[in-house]
> 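One structure, as structure tokens, below. Some questions next.
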Protein chains: 2
Amino acid sequence: MKKQTRGQSRTTKRLDIRTVAESAGVSVATVSRVINNVTSVAPELNARVWEAIRTLGYVPNTQARALVSGRSRLLGVIISDITNPFFPELIQGFEDKAVELGYETLIGSTNYDLHRMELCVQRMLQRKVDGVAVMTFGIEEPLLDRLASQGIPMVFVDLAPQKKNISTIPIDYDTGISAAVRHLVELGHRSIAFIAGPKHLHSAKSRLRAFRSAIQAVGLSIPSSFVYFGDHTMEGGTRGMEHLLQQADRPTAVMCSNDMSAIGAMHAISRAGLSIPTDISLIGFDDIRLASFILPPLTTVRMSGRDIAEVAVKALVEKDTKIGMVATDLVVRNSTAAPKN
Amino acid sequence: MKKQTRGQSRTTKRLDIRTVAESAGVSVATVSRVINNVTSVAPELNARVWEAIRTLGYVPNTQARALVSGRSRLLGVIISDITNPFFPELIQGFEDKAVELGYETLIGSTNYDLHRMELCVQRMLQRKVDGVAVMTFGIEEPLLDRLASQGIPMVFVDLAPQKKNISTIPIDYDTGISAAVRHLVELGHRSIAFIAGPKHLHSAKSRLRAFRSAIQAVGLSIPSSFVYFGDHTMEGGTRGMEHLLQQADRPTAVMCSNDMSAIGAMHAISRAGLSIPTDISLIGFDDIRLASFILPPLTTVRMSGRDIAEVAVKALVEKDTKIGMVATDLVVRNSTAAPKN
DNA sequence: GTGAAAGCGCTAACAT
DNA sequence: ATGTTAGCGCTTTCAC
């Protein structure tokens, strides 16, 4: 006699592909073809199968599909810091698009920590994700190789290790950042400082580079003490602004590599008994939703996390997508004004 | 002749449990026992197997394990709004704890939208999560039944549909909220308003209830026009404060159901040409990290999202855990002061 | 175009 | 304590 399977007995009606096949009077292969949209099924059978699926309330078993097909329908997204509001907005966009295309999302947060990044990569590998979006704006080579060696498609923001299976989402930093610099110059500022992001972060470097070339383009120059390397957190912004306020000849305007730094900078300005924009003008980067709610509402360079996320998902899923450049542009609010004197 | 499997041929060395078994000179069952920490394996074999695993670089196939065991090692967490900073902090805690216990996390964001909530539940069901944490502070009965009928363990915050497989994380709102009210009263406030959360949200209702009973406890009473139902967003907070400022006899202090509402309220206060805390004292709820960075730094009632998340994961995984009450307490910063006159 | 059947890599009965 | 083996539910070759 046949051994019984554990759990339910074979006679107890389970709801698997066989049940559907029987009910529709076709083979399991046909049911499989139907649910996978394989064309070569006669319209009539197709209809019968869908009917059976509906009436039975059948839902294919994801695990089994994943096992046999080798595709998990899982997408990984690696970010730096989920408590930086830029990333939740990005994640939201990522998940929405992923779900729309039938994927689930695994989030890995590195906290700017290499060890955590390694753990993230490991987790993604173990779960056999069908692709990973590296939105940390930077990754170490060896880790990258681990992913690449598995042939897992990857998408990066803003830097392009030229390898197979790797695509890049280019960001047009120059447009937004040079507009910001020109905005300050038109207001009359000549003494402009920059609170940068982490030194090793590609995106942070790109923003600083864009700032420098914009400054040069308007014929200005900045002392090296006017560039502070923060870490894209509020705390870093506070430290950066404290540093700048200590300068003998302090800047009349400060640009920040992201909005969170700018918010931290505001804190330092207020603590020093100064006010924005009267004493110091401030410009952020990202345009997180908070930027318009903070007091004073922050002038910033907008870069849409949602847009980036959508592009990333599409690049991962529809591999042949041509990836367009992501735009940035200046949003003028109330944290910028003409300098006092 | 045997049919060849698609993809790689059987002779090409694959790296599965059989490879390990051969290499260690044991059966696949033993390998399985070893990687699952089943006790009944002789120490010597155990060592041999681990050795083989290490040298081969074997990693068990998650999909196969999930299929056969019926456990996905996936945990779902349903939240309201990922762009409310309280939730990223919670998610971070959730993921960290989940990863620590060998689980991955699926995030569902409802945006306070019932239809999206339904989609979330569906996704979780489809992925056969081993448990779901409903952190939206509210869920509809029918959806809950869908999850319950699958026998999926669930954990809720702060409300307890008494069913099987469902646990609840109780929150001690009273301590923090009554401390906040007493703080205001001690400063001299008598006219205190409340910007509540969404009417249907259990947590929002609990907070309002705690506020009301604290008000009563100090012998005060509040007109119904002093309670505004917002939606826990900045926008809602702004509207709420605008509403309160229109009152003939406007409040001297306002408590908010969460920090984001308070930040929105700040916006309205500033737009009205008033200032905090000189003209109006303001208290938030949650103590998101931003609360201490905003200007002025926000007095608020602290409730740790990380703590809640950790408890939630433990409740889901180690089902027999006794769940302790989550504390709340007042954090006094600079958004509260004595009323003007 | 459709069906039969061989696995995907693993776990857990059952036998030893 | 260890091994043998039958599936988990599905996809995909191969034969018709």
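Residue numbers begin at 1 in each chain, while the letters A, B, ... track the order of the sequences. We use all heavy atoms of the structure for the numbers below, so side chains are in, but hydrogens, waters and symmetry mates are not.
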> Just the rounded figure in Å: distance from P of D:dG3 to CZ of B:R18.
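After rounding, the gap between these two atoms is 16 Å.
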
> Can you identify which nucleotide, out of D:dG3, D:dT11, C:dC10, has its nearest atom closest to the B:I17 side chain?
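Nearest listed nucleotide: C:dC10.
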
> Does the distance from a Lys or Arg side-chain N to an Asp or Glu carboxylate O, for A:D96 and B:R116, drop under 4.0 Å?
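Between B:R116 and A:D96 there is a salt bridge, with a charged N closer than 4.0 Å to a carboxylate O.
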
> Between A:A29 and B:L67, which has a closest nucleotide on DNA chain C that is more 5'?
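Closer to the 5' end of DNA chain C: A:A29.
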
> If you check the A:S32 side chain, which of D:dC10, D:dT11, C:dT2 turns out closest?
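Shortest atom-to-atom distance from the side chain points to D:dT11.
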
> Any salt bridge linking A:R123 with B:E95? Criterion: basic side-chain nitrogen under 4.0 Å from a carboxylate oxygen.
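Salt bridge between A:R123 and B:E95, a charged N being under 4.0 Å from a carboxylate O: yes.
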
> Distance check: side-chain N/O of A:R14 vs OP1/OP2 of D:dG9, anything under 4.0 Å?
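Yes, because at least one side-chain N or O of A:R14 sits under 4.0 Å from OP1 or OP2 of D:dG9.
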
> Would you say B:S40 reaches D:dA1's phosphate, i.e. side-chain N/O to OP1/OP2 under 4.0 Å?
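No, outside the criterion.
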
> Return the value, rounded to whole Å, for the distance between atom NZ of A:K128 and atom P of C:dG9.
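Distance check: A:K128 NZ to C:dG9 P gives 9 Å.
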
> Can you identify which nucleotide, out of C:dG3, C:dG7, C:dC14, has its nearest atom closest to the B:R33 side chain?
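Ranking C:dG3, C:dG7, C:dC14 by closest atom to the B:R33 side chain puts C:dC14 first.
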
> Give the rounded distance in Å between these two atoms: CD of B:Q63 and C1' of C:dC8.
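Between C1' of C:dC8 and CD of B:Q63: 10 Å.
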
> Could you check whether B:E51 pairs with B:R48 (Lys NZ or Arg NE/NH1/NH2 to Asp/Glu carboxylate O, under 4.0 Å)?
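Looking at B:R48 together with B:E51, the answer is no, because their closest N to O distance does not fall below 4.0 Å.
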
> Using only side-chain N and O atoms of B:N36, determine if any of them is under 4.0 Å from OP1 or OP2 of C:dT11.
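Yes, because at least one side-chain N or O of B:N36 sits under 4.0 Å from OP1 or OP2 of C:dT11.
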
> Taking only side-chain N and O atoms of B:R65, does any of them lie within less than 4.0 angstrom of OP1 or OP2 on C:dT11?
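Affirmative; the distance criterion is met.
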
> Rounding to a whole Å, what distance do you find between A:N61:CG and C:dC10:C1'?
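Rounded to the whole Å, the gap is 14 Å.
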
> How long is the line joining CD1 of B:I35 and P of C:dC10, in whole Å?
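That distance rounds to 7 Å.
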
> Test B:I152 against every option in B:V121, B:L125, B:N165 by the side chain to side chain contact (heavy atoms under 4.5 Å, CB included) rule and name the one that passes.
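Checked B:V121, B:L125, B:N165 against B:I152; only one passes side chain to side chain contact (heavy atoms under 4.5 Å, CB included): B:L125.
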
> Quick one about A:D16 and A:T19 (side-chain donor to acceptor, distance below 3.5 Å, no hydrogens or angles considered), yes or no?
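Result is yes, a qualifying pair exists.
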
> Counting only side-chain N and O atoms of A:T30, is one of them less than 4.0 Å from OP1 or OP2 of C:dT2?
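For A:T30, the contact criterion (side-chain N or O under 4.0 Å from OP1 or OP2 of C:dT2) is not met.
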
> Among the nucleotides D:dT2, C:dC10, D:dC10, which one has an atom lying closest to any side-chain atom of A:P60?
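In terms of side-chain proximity for A:P60, the closest of D:dT2, C:dC10, D:dC10 is D:dC10.
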
> Looking only at side-chain atoms of B:A42, point me to the closest of D:dA1, C:dC14, C:dG9.
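My answer, after comparing the listed nucleotides, is D:dA1.
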
> Rounded to the nearest Å, what distance is computed from the CG atom of residue B:L15 to the P atom of nucleotide C:dG9?
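Rounded to whole Å, this separation is 10 Å.
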
> Rounded to the Å, how far apart are B:D16 CG and C:dC8 P?
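For the pair B:D16 CG and C:dC8 P, the rounded distance is 8 Å.
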
> Hey, does A:V41 reach any base, or is it just sugar-phosphate, or nothing, if we go heavy atoms under 4.0 Å?
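Here A:V41 touches the backbone only, sparing every base.
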
> Return the 5'-most residue of the pair B:V26, B:A64 with respect to DNA chain D, ranking by each residue's nearest nucleotide.
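Mapping each residue to its closest nucleotide by heavy atoms, the 5'-most match is B:V26.
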
> Could you tell me the separation between the CZ atom of B:R73 and the P atom of C:dC10, rounded to a whole number of Å?
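Distance check: B:R73 CZ to C:dC10 P gives 15 Å.
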
> Indicate whether the side chain of B:R33 and that of B:N46 have a donor and an acceptor atom separated by less than 3.5 Å.
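Per modelled atom types, B:R33 and B:N46 side chains form no pair under 3.5 Å.
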
